[in-house]
Amino acid sequence: LSSFECAMMITDSSLSHNIAKRSGGGINWSHFAPEIADSVTFLNNDAFYGPNLAGVPFTIVSIPTLETEKVDLAQILSNDDPQVVLSDLKSGFKLDQDFLFAIVDIYGQVVKTNNKTSATLIPSIKDANNESPVLTNNTRETTAGILNFRQIEVFQTPGTIFTFQFRSLTLPSSSPSLTFSLNLRLCQSGEIQLYNKSCHTCGSDIPSTNHEARIRRSFSFNPNDYECHTCSSNAYCWGGNQVGPKSGYWRTSTMSDTLHVCPVKTACLGVQPFVSVGDELLGRCDQSLGYRGRLCSECVDGFSADVRRQCSKCPDEVLNALRLVLVFVIAIGMVVVMLWMSIRGAKKNTSLIGVYMKIMANYLQLVTLTNSIELQWPGEVEALFRAQEQIGSVTEH
């Protein structure tokens, strides 16, 4: 049907088993839509676009998938509020998903025969500061009536609502101009807001193929920071808010870059350089050596700590009891001998044996005290101290 201003009504008709290669298996019109009475029936008609009825582009609507062929246009037009088509969009981030719109006719059908028609997404209102959002990559051409704005970028104050409309020469001037909205989320931990209002993820400018550099990326925990922070030499940083300690260090919070030296450095394994997983960002303890807890300062069941807070496996209970009895007997024996020699020496010349025993007792006490001081002793000296310390101590369990 192609004519100048006219009105046509079709009544009491049946259109069935008609086939069209392109559009309008039953009826195809190009200027003025005919009025179709309820008494008209359509049965088994077929066409690439509009198997029963086909017309001309009417407006642009949002669609959920590329397979969508028809929408409830009456319901869409009855809603005066902007249609929310996307939530939690990151300002300044290239949208890495399908963002679909379609040119539809007055029946709500996607005009699948429409190709190479240009449409531009434009802001409909300014923000609270009377500034227009900045858009990039915001013009598309239709493919089978569909516009896909994948990879579009919106630069506007994070946490605001961005509303927009479409401009296209294909649509008639009388077509309704629908308004859509995008909800821009606030910048999150691991991001900072740049001067262009985009949320920049710290460390995202370093390629993941550079293995050494990607564990030394910058980071941020506070989105209100003005710049990203440099990774500590005692930590691994994967960008964003992902930070983990190296071996010998511990973090008390996943939202802090403060690193604490472990009391026993060999007990803290740190994190795996190329793996960042949840609570492991605080650090890991070498449980095979008996360590656990914050700063790896506690011992697992079956292990006990000595005066230097180093965990060692608990001995057999019977053996430990024998050790305790033996040390007790030796201590009592030394006291008895020293008292006896002191009494005896009061009547005779001073005995050198008593002096030697007192010196030995004082030496063992001094060794125990010295070993409890956290100094970087040479390995041989520390091994000597630990061996002599065992003479006067019993493992706690």
Could you grab the distance from atom [atom1] of [X] to atom [atom2] of [Y], nearest 0.5 Å is fine?
| X | Y | atom1 | atom2 | value |
| --- | --- | --- | --- | --- |
| Leu282 | Ser253 | CG | OG | 7.0 Å |
| Ile192 | Asn224 | CD1 | CG | 11.0 Å |
| Asn148 | Thr143 | CG | OG1 | 9.0 Å |
| Glu227 | Cys202 | CD | SG | 9.5 Å |
| Ile60 | Ile103 | CD1 | CD1 | 5.0 Å |
| Leu121 | Thr139 | CG | OG1 | 8.5 Å |

Over 60° means perpendicular and under 30° means parallel, so classify the ring planes of His229 and Phe219, tilted if in between.
-> tilted
Less than 4.5 Å apart, any side-chain heavy atom of [X] and any of [Y]?
| X | Y | answer |
| --- | --- | --- |
| Pro223 | Leu186 | no |
| Leu281 | Trp238 | yes |
| Cys199 | Phe93 | no |
| Leu184 | Thr157 | no |
| Leu53 | Asp105 | no |
| Asn44 | Ser16 | no |
| Val56 | Trp29 | yes |
| Lys90 | Thr201 | yes |

Could you state whether [X] and [Y] fall into the same hydrophobic cluster, counting links through intermediate Ile, Leu, Val, Met, Phe, Trp or Tyr residues with side-chain heavy atoms under 4.5 angstrom apart?
| X | Y | answer |
| --- | --- | --- |
| Tyr107 | Val111 | yes |
| Leu77 | Phe101 | yes |
| Val134 | Ile152 | no |
| Val61 | Phe58 | yes |
| Val85 | Leu95 | yes |

Counting only N and O atoms by type, is there a donor-acceptor contact under 3.5 Å from the side chain of [X] to the main-chain atoms of [Y]?
| X | Y | value |
| --- | --- | --- |
| Asn115 | Ala144 | yes |
| Tyr291 | Cys311 | yes |
| Ser247 | Gly270 | no |
| Asn241 | Ser220 | no |
| Asn137 | Gln151 | yes |
| Arg185 | Leu89 | no |
| Ser198 | His200 | no |
| Ser39 | Asp12 | yes |
| Ser23 | Ala20 | no |
| Asp286 | Thr266 | no |

Begin from the C-alpha positions of Thr59 and Ile76 and carry the test side chain to side chain contact (heavy atoms under 4.5 Å, CB included) through to its verdict.
-> CA-CA 11 Å; Thr59 190; Ile76 294 174; over 6 Å; no
Determine, stepwise, if the pair Phe303 / Lys313 fulfils side chain to side chain contact (heavy atoms under 4.5 Å, CB included).
-> CA-CA 4 Å; Phe303 287 76; Lys313 195 168 184 178; 3.9 Å; yes
Give the minimum heavy-atom separation between [X] and [Y], together with the two atoms involved.
| X | Y | result |
| --- | --- | --- |
| Val243 | Phe221 | CG2-CZ, 3.9 Å |
| Ser91 | Pro158 | CB-CG, 4.3 Å |
| Gln109 | Pro51 | OE1-CD, 4.1 Å |
| Pro133 | Gln156 | CG-NE2, 3.4 Å |
| Pro64 | Leu100 | O-CD1, 3.9 Å |
| Arg251 | Met255 | NH2-N, 3.9 Å |

Could you walk me through whether Ile19 and Asn45 pass the side chain to side chain contact (heavy atoms under 4.5 Å, CB included) test, one step at a time?
-> CA-CA 6 Å; Ile19 298 176; Asn45 300 298; over 6 Å; no
Could you verify whether a donor N or O on one side chain and an acceptor N or O on the other, from Ser181 and Thr163, lie under 3.5 Å apart?
-> no
Residues that Thr41 engages under side-chain hydrogen bond (donor to acceptor under 3.5 Å, both in side chains), provided they are two or more places apart =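 So Thr41 forms a side-chain hydrogen bond (donor to acceptor under 3.5 Å, both in side chains) with Ser14.
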So is Lys112 actually on top of Tyr49's ring, under 6.0 Å and inside 45° of the axis?
->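 Not flagged: Lys112 not positioned over aromatic ring of Tyr49.
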Distance under 6.0 Å and angle within 45° of ring axis: Lys246 vs Tyr236 |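 Lys246 over Tyr236 ring: yes.
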Test side chain to side chain contact (heavy atoms under 4.5 Å, CB included) applied to Glu298 - qualifying residues, sequence neighbours left out =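 Testing Glu298 for side chain to side chain contact (heavy atoms under 4.5 Å, CB included), a comparison that skips the adjacent residues, returns Arg292.
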Heavy atoms from other residues, nucleotides or ligands near CD of Gln83 exceed 12 (cutoff 6.0 Å) |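 Counting neighbours around CD of Gln83, more than 12 heavy atoms of other residues, nucleotides or ligands fall under 6.0 Å, so yes.
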In this structure, are over 12 heavy atoms from other groups packed under 6.0 Å from Arg167 atom CZ?
-> no
Show the numbers, then the answer: is there a disulfide bond (SG atoms under 2.5 Å apart) between Cys268 and Cys296?
-> CA-CA 6 Å; Cys268 294; Cys296 300; 3.5 Å; no
Phe149 ring center within less than 6.0 Å of Phe166 ring center | yes
Could you pull out every donor-acceptor pair under 3.5 Å between side chains of residues 256-264 and any protein atom, sequence neighbours left out?
{"residue": "Ser256", "atom": "OG", "partner": "Thr258", "partner atom": "N", "Å": "3.1"}
{"residue": "Ser256", "atom": "OG", "partner": "Thr258", "partner atom": "OG1", "Å": "3.3"}

Criterion side chain to side chain contact (heavy atoms under 4.5 Å, CB included) on Ser304 and Cys314, from CA distance to verdict | CA-CA 6 Å; Ser304 63; Cys314 296; 3.9 Å; yes
